[in-house]
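I have placed the structure first, in the form of structure tokens, so that the comments after it can refer back to it.
Treat the numbers as computed from the prediction; the structure is a model and nothing was measured. For the numbers below, each heavy atom of this structure counts, side chains included, while hydrogens, waters and symmetry mates do not.
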Amino acid sequence: MVESSKYVEVHLGRQGRLVIPAALRRLLGFEEGDTLVARSEEGRLILEKQEAIKQRLKARFSQLPKGISLADELIVERREEAKREMGA
């Protein structure tokens with residue numbers, strides 16, 4: 001497998017086991033003992049390190065102004081919606 005290649009054929013083994021070829025593991029930075037998170041997205045299997053997910057989430061929310069609590073904002077929105085529903 002060429003290091004820059006993103007495609008490699010793998011086979012599903014007994015009991016649904018999947019072996020990730022060494023070259024692909026190196027390319028992705030997967031190491032023995034890593035915990036991967038598996039999810040389905042649009043019919044695809046996505047495997048990611050937990051750390052990669054954390055970094056992506058931190059980057060997504062890094063632009064929020066300091067002192068803003070998304071949880072507090074959500075609670076306020078939910079309470080306002082509940083009031084509207086009670087009045088309707």
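Hydrophobic clustering keeps L70 apart from V76 (ILVMFWY residues linked when any side-chain heavy atoms are closer than 4.5 Å, directly or through intermediates). Using a 4.5 Å cut-off between side-chain heavy atoms of Ile, Leu, Val, Met, Phe, Trp and Tyr, with links allowed through other members, L28 and L45 fall into the same hydrophobic cluster. A continuous path of ILVMFWY side-chain contacts below 4.5 Å connects V8 to L18, so both sit in one hydrophobic cluster.
In this structure, A59 and S62 approach most closely via the heavy-atom pair O-OG, 3.0 Å. Residues L47 and A38 approach most closely at CD2-CB, 3.6 Å, considering heavy atoms.
To the nearest 0.5 Å, the span separating CZ on R79 from CG on L74 amounts to 10.5 Å. The distance from atom CD of E31 to atom NZ of K49, rounded to the nearest 0.5 Å, is 5.5 Å.
Take R39 and apply the side-chain contact (heavy atoms from CB on, under 4.5 Å) test, not counting sequence neighbours, and it matches E41, I46, E48, R56.
With contacts defined as side-chain heavy-atom distances shorter than 4.5 Å, the pair V10/L24 does not qualify.
Using a cut-off of 4.0 Å between Lys/Arg side-chain N and Asp/Glu carboxylate O, R78 and E81 are scored as not salt-bridged.
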